[in-house]
Amino acid sequence: MLRSLIELELSTNNLTGSIPASIGNLTDLTILYLFKNQLSGSIPQEVGMLSSLIELSLSTNNLTGSIPASIGNLANLTILYLHTNQLSGSIPQDVGMLRSLIHLELSTNNLIGSIPTSIGNLTNLTILYLFKNQLSGSIPQGFGMLRSLIHLDLSENNLTASIPASIGNLANLTLLHLFENHLSGSIPQEVGMLRSLIELSLYVNNLIGSIPLELGKLNSLTFFSLRDNKLTGSVPSEMDNLTHLQIFDISNNMLTGHIPPRICVGGSLTGLLASNNYLIGDIPKFLGNCSQLRRVRLDQNNLTGNISEIFGVLPNLVYIDLSYNNFYGELSKKLGQCRNLTSIKFSNNKISGNIPLEFGGASQLQLLDLSSNHLDREIPKSLGKLALLFSISLSDNKLSGNIPVEFGRLSNLENLNLAANNLSGSVPVQLGELVKLWNLNLSKNLLMGDIPSEIGTLQFLQSLDLGNNLFKGEIPQQIGELQSLETLNLSHNKLSGSIPSSFNCRSSLTSVDISYNHLEGPLPNTKAFQDAPFEAYVGNDGLCGNKTGLMPCSQKISNGAKEKKHNKVLLMVLVPVLGILLLVVVGCFLVLRKRVGNKEKEPERENIENLFENLFAIWSYDTKMVYENIIEATEDFNARHCIGVEGYGTVYKAKLPSGQVVAVKKLHSSQVGELDNLRSFTSEIRALAGIRHRNIIKLYGFCSHQQHSFLVYEFMEEGSLGKILSNKKEALAFEWMKRLNVVKSLADALSYMHHDCLPPVIHCDISSKNVLLDSEYVAHISDFGTARLLNPHSSNSTSFGGTFGYAAPELAYTMEVNEKLDVYSFGVLILEVLMGKHPGDLISSLSSSPPTVYGVLLKDILDTRLPSPGNHVEEEVVLVAKLALACLHTSPQCRPTMRQIFVALSKQRPPLQNSFHLISLGQLFDVKCSTS
């Protein structure tokens, strides 16, 4: 009865079930529309019997199974829509038999396999959509035959290999979407032949090489995105020809050079996105007149210029991010007149001056990040008008004055970070009204007074950092009642009293730091406090508990009896311990007296007495318990637990009953008690006792025992830098960025030792064996057995105690100890990190007069086990090499200080103009010496 049916349209209903096989009987059917239903099951093979069919749409259903090969029988088919289903399997080659096909849409399915080459036969095709599948393999060269094609979208698949040059034959193409695949190789210059192209999307692939100049001929382009590839070279100035551009996106590549100066000349630009590249120079000034601009992202480049001159009033601007560049000058008041602006991100620049009051006029502002600049003066109260703000980050500036009480009006605020400024006064109680706040960081300021109990009303607060201020009084009980609190830092204040009992119920708390206050009483019996490291509660004389460095808490008794008992217990503990210490001191003194003359006897005795009288400041463990635990963990220092040998001791790995793994350096048995060995033992304790730096090994404690004397440190999983460099497999994992980070970390640590410690600490044995790395390849300086504390009121001299190959040449004729000894050794160490081996011959060449390495290229001495540094690190490698050679100057006065080195490594710099591969060591070794 229906066999003469010509058109069947049942689209946009709620049809369920499968397509019946009997549909193949409708042989006169020309149009079959079943789209936008809830049909399931597979497409019946019998569809191939509809030989008169011209248009077939089964899209937007729940069809499964594969596309039947019989579909190739539909010789008259012009439209085939199977998109937005759950079809699987591969695309049948038989599709290439549909020579009349104009539209082919198979997108948004689960199709796999390669794209059939037979599709190249469909010369009438104008629309080809295969996006959002799992297709693999390459784009067929035959696609160049599809000369009628207007839209080609193969995006969001797993396509590999390069873009075929034949794609340049598609003269009518207006849309080319190949984004989110795994395409590699370079962008073929033939793409520049697609003069009708309006949208070009190649983002999120593995494309390399430069942007072809020919793309500048695509003057019909409105959308251009190459983001998230590996493109290099400069942005062609020919891009200025793209006068119809609305979106220009080259973010997340390795591009250099300048932003095209006339990129907005057509006045249509709405999005300028070039973040995370190596672009230099100024932002084109006329961008301030790009009235259509909505989104600007130029962060993480090397751009510079006066930020106040860049932007005018941009009425459509919604988002701007210029962070991590070198912009200077003052913030423009005109930004406050951008009424649609929701985000301002200018962090990590060199912006100075004040935050304009006019910012309070940007009524749609939701995010303000001005952190890590040079801003000063007070925070404007007008920011309190911005009711939509959910994040304020003003940390690491020079802001002063009080925290505006008007911030209490910001009812949508979730993040408030004002850390590392010069803010003073008390914390406004109005902050307790920020009911959505989850992060509050006011650390490293000059805030004083009591911590307001109103903070305890912030029930969504997850992180609270008030450390490094001048807070006094007790910790509010209400803070311990915060249900969502995970991290708490109240360290380095003047807080007193006991820790509130409300913390005993805080299961959400995972990290806590209450160190360096005047707190007393027991630690709360919760995981965060009980698992906290020693550094998290040190510096509170009155705290007690079953923790490292704390005295046991007395049982609850009457106050008078409790104090009596406390004094009695204290005497019972201190008398025998001090007696033992006295014996140690006397014994050490007798040994020293026997070994040295009267001239040096008194200073040596004074040093040891000063050391041991501060024993409890270093380690207040139950000495007997710790001693026995370490003996048990190392099986009485069995060789199977040995992980290294240092100058005066053997290092063992020990796992304590608590599960903590530590490193234990045991003095060589044959030398225990000998003067040189005792000097090293005391030098290491004396040096490390007062040092707290993330890149210096932590000394947990020491034990002086007649049978075993040892020191206990934090354990470093990766071992020594020398071990890693000498092992091919480990050296390969130790790639360039990790190596550069190690150099920066060591410079930071040595700068701290030389310039921030009083008296300064000189290591005297910086070498690859004395640099240890943890599981994240974070470097830590170790082995302070030869370290010296510089005394400005006496001579500082030493016998040679360092490592040959790292010692400064002046030690051959003088024994004077100063910072420049470490600087020289640091230079040797840098070259070792870059070369992957000790630079012995190279240093000999450098020390000759004149140096004989002037013809050696830097690239020729780098560790050949690693690939050559890419564009994103080569400038840093050049800088590090230059600093290394400056450190190796034969004249100590001509070497830089460690602070100068650390500052040089910390600064953001524009890329060096010299090609990395052409810089010779002769060019680098151009050190100007000044003794002034």
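Predicted model only: the values in this text are computed from it and were never measured. Numbering of residues begins at 1 and proceeds along the displayed sequence.
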* Structure fact -> Sorted by chain and residue number, the side-chain hydrogen bond (donor to acceptor under 3.5 Å, both in side chains) partners of Asp299 (sequence neighbours excluded) come out as Arg297
* Asked: Got a sec, which pairs hit ring pair (Phe, Tyr, Trp, His ring centres under 6.0 Å) with one end in residues 474-497, sequence neighbours left out?
  -> His492-Tyr516
* Contacts of type side-chain contact (heavy atoms from CB on, under 4.5 Å), residue Leu383, not counting sequence neighbours -> Phe359, Leu368, Ile379, Pro380, Leu386, Phe407
* **Partners meeting side-chain hydrogen bond (donor to acceptor under 3.5 Å, both in side chains) with Asp774 (sequence neighbours left out)** => none
* Check side-chain contact (heavy atoms from CB on, under 4.5 Å) between Ala749 and all other residues, then give those that pass, not counting sequence neighbours. => His693, Asn695, Ile696, Ile781
* Partners of Phe224 by ring-ring contact (aromatic ring centres under 6.0 Å, His included), sequence neighbours excluded? -> Phe248
* Asked: Quick one: ring-ring contact (aromatic ring centres under 6.0 Å, His included) partners of Tyr777, sequence neighbours excluded?
  -> Phe734
Side-chain donor/acceptor pairs under 3.5 Å, residues 440-452, sequence neighbours excluded:
residue, atom, partner, partner atom, Å
Asn441, OD1, Ser443, N, 3.1
Asn441, OD1, Ser443, OG, 2.7
Asn445, OD1, Asn421, N, 3.2
Asn445, OD1, Asn422, N, 3.4
Asn445, OD1, Leu423, N, 3.0
Asn445, ND2, Leu418, O, 3.0
Asn445, ND2, Leu442, O, 3.1
Asn445, ND2, Ser443, O, 3.1

* Looking at residues at least two apart in the chain, or sitting in another chain, which of them share a side-chain hydrogen bond (donor to acceptor under 3.5 Å, both in side chains) with Ser745? -> none
* Asked: Can you list the residues that meet the side-chain hydrogen bond (donor to acceptor under 3.5 Å, both in side chains) rule with Ser393, with sequence neighbours excluded?
  -> Asn415
* side-chain contact (heavy atoms from CB on, under 4.5 Å) against Gln300, all qualifying residues, sequence neighbours excluded -> Asn276, Tyr324
* side-chain contact (heavy atoms from CB on, under 4.5 Å) partners for Asp282, two or more places apart -> Lys285, Thr304
